[in-house]
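Note that these values count all heavy atoms, side chains included, but never hydrogens, waters or copies made by symmetry. Note that ligands are numbered from 1 as they come in the structure, with each ligand's atoms numbered from 1 the same way. Being a predicted model, the structure only gives us computed values, none of them experimental.
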Amino acid sequence: MRVVVVGAGLAGLTAATRLAAAGADVTVLEARERVGGRTHGLEIAPGTWVDAGAAYLGERHTALLDLLADLGLKTVPTAMEGASRFALDGTDGTVEQRPGRFPPLAAVALGDLFDRLEALTRRVDPAAPWLSEGAADLDATTAAQWARDNLAHPDARTFFPLFLGEMMAAAPGDVSVLHMAFYLRSGGGLRYLNAFEGGAQDSRVDGGAHQAAQILAARLGDRVVLGHPVTAVHQDTHGVTVDGRYRCDAVVVAVPPLLADAIDFRPAPAAPRAGRGTVPGCAVKVHLVYPSPAWREHGLSGWSVSAAGPLTSTVDDSPAGGGAGVLTGFVTGADAHRFGALGAAEQRAAATRQAARLFPGLPEPVAVHVTDWVHERYSRGCYAALMGPGDWLATGPRLREPHHRVHWAGTETSTEFFGLMEGAIRSGHRAASEVIIRHQR
Ligand code: FAD
């Protein structure tokens with residue numbers, strides 16, 4: 001059996017690995033000159049890497065943990081000891097400090113917000129969100145409208161967009177309530193998704209998550225072809241031809257739906273897989289590199305949340321082996337568009353100024369790296385595509401359903417851990433199984 005896999009992210013590479021192990025003759029076609037997709041390493045000093053893309057994982061991410069073990073990669077806990085800094089009044093001014101991560105906002109209001117979100121989350125069927133109770137209403141309403149209708153307390157209204165930005169890289173106006181509830185449900189619930197210790201952000205891969213894709217690709221060897229953006233997938237009764245050149249029995253398309261829809265499929269699928277409201281998730285990652293994690297000397301964890309931005313949150317991503325202090329700043333939602341439009345020098349200056357305000361006594365950073373995922377041609381945003389109003393009902397049933405010999409993978413096709421590395425790997429396994437079963441038939 002010959003199979004072409006489109007895309008060498010975690011989904012494509014795990015699908016290709018499974019297919020090769022089952023005896024298939026596999027070719028992986030990757031648009032970029034590198035593998036890994038939304039996992040990407042940044043070398044901040046010789047031999048010292050940080051995650052410009054995905055970083056964090058938790059113990060429920062079993063497929064990822066199994067993969068890391070198989071590849072000989074280790075995890076390190078995300079550093080969160082110490083107090084947090086909060087700038088939540090929406091101006092550049094006041095910064096408040098709190099032990100732990102709970103923000104200086106009314107606990108009752110945040111408790112109510114979380115209870116309401118959990119109630120929504122429980123209503124969603126992660127395998128088929130479009131069949132959930134009240135799906136049509138939830139799908140027709142944006143999270144912004146839901147917040148206006150449901151959140152009376154100003155503190156809940158302040159916190160909600162920051163929470164959504166951190167969890168989903170979404171502005172509340174960009175996602176339907178159904179998508180928000182599905183995302184939280186598929187990721188293990190909002191308390192798990194939001195937590196560091198014991199939660200979805202418990203650990204990171206020592207040396208960078210990008211290594212997983214690199215090792216998988218190295219094992220696949222010359223079956224992985226770089227610099228090949230696939231533009232055409234044509235099926236006939238006997239097989240499939242990819243870009244007029246690669247003839248095969250089946251194709252696994254492991255690219256985000258907004259990019260997959262740009263491929264010329266013949267016959268064409270009945271309708272696009274991305275809905276009319278689907279937009280790229282919006283995140284820019286900023287790495288501020290210091291000689292050491294100086295904030296720790298002041299009893300600070302490096303965690304901060306700011307309403308005024310541009311860095312809506314920061315986290316200590318210093319290399320486990322020492323040698324540098326790294327603060328990772330996340331610019332998400334609408335701020336990501338504004339920040340992305342600035343010149344490189346302005347971006348660096350704005351991030352440096354904000355870090356200095358948040359963490360007193362910080363020296364000048366030795367380097368500032370900005371990775372703008374909104375404008376990455378072969379990602380179209382991150383952490384994942386965001387389904388807007390109407391999308392789940394219109395396109396949900398088609399996201400995973402094979403189109404004759406074309407099978408779909410990618411984190412956006414996963415019912416569990418949608419948007420995360422775990423979802424990508426599970427989708428790769430599922431798509432490989434579909435192809436193998438089809439071939440056996
Ligand atoms: P991708 O990684 O997007 O892979 C798709 C591949 O297809 C890419 O290599 C792309 O170049 C290629 N491609 C696209 N179009 C074509 C074409 N036409 N022809 C050929 N190739 C093509 N996840 C977590 O679990 N934890 C986190 O902490 C986390 N944080 C994140 C932070 C950021 C800044 C980003 C960017 C992502 C984050 N994620 C996180 C999400 C995680 O990275 C993704 O869910 C996962 O990597 C997606 O893998 P994938 O294989 O589905 O897609």
In this structure, does ligand 1 have an atom that sits under 4.0 Å from one of the heavy atoms of [X]?
{"X": "His40", "result": "no"}
{"X": "Gly281", "result": "no"}
{"X": "Ser379", "result": "no"}
{"X": "Gly423", "result": "no"}
{"X": "Leu57", "result": "no"}

Contact (N/O only, under 3.5 Å) between [X] and ligand 1:
{"X": "Met421", "answer": "yes"}
{"X": "Gly419", "answer": "yes"}
{"X": "His61", "answer": "no"}
{"X": "Ile263", "answer": "no"}
{"X": "Arg38", "answer": "yes"}
{"X": "Arg32", "answer": "yes"}
{"X": "Ala11", "answer": "yes"}
{"X": "Ala283", "answer": "no"}
{"X": "Ala55", "answer": "yes"}
{"X": "Glu412", "answer": "no"}

[X] and [Y]: side-chain donor and acceptor closer than 3.5 Å?
{"X": "Trp392", "Y": "His179", "answer": "yes"}
{"X": "Asp243", "Y": "His228", "answer": "yes"}
{"X": "Trp303", "Y": "Asp316", "answer": "no"}
{"X": "His234", "Y": "Asp264", "answer": "yes"}
{"X": "Tyr192", "Y": "Asp202", "answer": "no"}
{"X": "Asp335", "Y": "Thr312", "answer": "no"}

Please determine which of Arg426, Arg430, Arg60 meets the salt bridge (charged side-chain N to carboxylate O under 4.0 Å, His left out) test together with Glu416.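 Only match with Glu416 under salt bridge (charged side-chain N to carboxylate O under 4.0 Å, His left out): Arg426.
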
Can you figure out which of Ala54, Gly381, Cys382, Ala52 has its heavy atom closest to atom 31 (C) of ligand 1?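 Shortest heavy-atom distance from atom 31 (C) of ligand 1: Ala54.
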
Options Val253, Val255, Val5, ranked by nearest heavy atom to atom 14 (C) of ligand 1, top entry: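 Residue with the shortest heavy-atom distance to the ligand atom: Val255.
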
Using a strict cut-off of less than 4.0 Å between a Lys/Arg side-chain nitrogen and an Asp/Glu carboxylate oxygen, indicate whether [X] and [Y] qualify as a salt bridge.
{"X": "Asp391", "Y": "Arg276", "result": "no"}
{"X": "Asp51", "Y": "Arg38", "result": "no"}
{"X": "Asp25", "Y": "Arg2", "result": "yes"}

For the side chain of Arg405 and the backbone of Val251, is there at least one donor-acceptor N/O pair under 3.5 Å apart?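 Such a contact is absent between Arg405 side chain and Val251 backbone.
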
Does Ser304 reach the main-chain N or O of Leu358 with its side chain, forming a donor-acceptor pair under 3.5 Å?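 A pair under 3.5 Å: no.
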
Show the atoms of ligand 1 that are less than 4.0 angstrom away from any heavy atom in His228.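 Heavy-atom distances to His228 below 4.0 Å select 19 (N), 20 (C).
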
Any idea which atoms of ligand 1 are less than 4.0 Å away from a heavy-atom of Tyr378?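 Result: 10 (C), 11 (O), 14 (C), 15 (N).
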
Indicate, as side chain, backbone, both or neither, the part of Leu259 found under 4.0 angstrom from ligand 1 when only non-hydrogen atoms are considered.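 It is the side chain that gets close, since no backbone atom is under 4.0 Å.
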
